[in-house]
Amino acid sequence: MPHPPQSPPPTRSAGGRRPATFGAIEQTSVAPGPAAPPDFVDIAESPDFLELRYRLRAFVFPMSVLFLVWYLGYVVLAAYFPGFMSIRLAGVINVGLVMGIGQFASTLLITALYVRFAVRELDPRIAELRDRHLGGDPL
């Protein structure tokens, strides 16, 4: 009785990998190589990135200065003008207490303003920059 035909032993491809088989289909199983790393210097020098940095700084620096002046003003008033800080506004509530609570309120307000600014101004520009230079969302 004749023997059935045998398939030849698997050979190695040029990359040294065995060919992948699925049924009668044979393909070389070569994974794509790693993508070239992004050119961060090129991205940092692009007009879009420079505009993004300008917009961020135009918000962050004035807001930081405003908050620091407000905070240091509170500390200076508390340290050198206790008579002013102890002026009663209503019952036991005085100027110092209102300004102290105002510190917390201003922190929350600045945070909310920054989040709104980032969502409206920064995030769309960042997504556009990423799409143009890195080829899309990495997630």
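Sequential numbering from 1 along the given sequence is applied to the chain's residues. Just so you know, these numbers use all the heavy atoms, side chains as well, and skip hydrogens, waters and symmetry mates.
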_Gln103 vs Phe67 side-chain heavy atoms within contact, under 4.5 Å_ = yes

*Determine, using the 4.5 Å side-chain heavy-atom cutoff (strictly less than), whether Leu66 and Val69 are members of one ILVMFWY cluster.*
no

*With rounding to the nearest 0.5 Å, note down the distance linking CZ in Arg125 to CZ in Arg130.*
15.0 Å

*Interatomic distance, Asp131 atom CG to Ile126 atom CD1 [nearest 0.5 angstrom]*: 12.0 Å

*asked:* To the nearest 0.5 Å, what is the distance between CD1 on Ile93 and CD1 on Ile101?
replied: 7.5 Å

*Common cluster, Ile87/Met99, ILVMFWY with side-chain heavy-atom separation under 4.5 Å*: yes

*Please report the closest heavy-atom contact between Pro124 and Ala118, naming both atoms and the distance.*
CD-O, 4.3 Å

*List in chain and number order the residues that pass salt bridge (Lys or Arg N to Asp or Glu O under 4.0 Å) with Arg55, two or more places apart in sequence or in another chain; answer none if no residue qualifies.*
Glu51, Glu121

*Minimal non-hydrogen separation, Ser46 against Leu129, with atom names*: OG-CD1, 4.3 Å

*Beyond-backbone contact of Leu89 with Val95, side-chain heavy atoms, under 4.5 angstrom*: yes

_Single-linkage hydrophobic cluster Phe49~Phe40, side-chain heavy atoms < 4.5 angstrom_ = yes

_Trace of the side-chain contact (heavy atoms from CB on, under 4.5 Å) decision for Met63 with Leu113_ = CA-CA 10 Å; Met63 195 63 68; Leu113 289 173; 4.3 Å; yes

*Can you sort out the partners of Phe59 under ring pair (Phe, Tyr, Trp, His ring centres under 6.0 Å), two or more places apart, ordered by chain and number?*
Tyr114, Phe117

Taking only distance into account, with no hydrogens and no angle test, what donor-acceptor pairs under 3.5 Å do side-chain atoms of residues 70-84 form with protein atoms, sequence neighbours excluded?
from: Trp70; atom 1: NE1; to: Ser106; atom 2: OG; distance (Å): 3.0

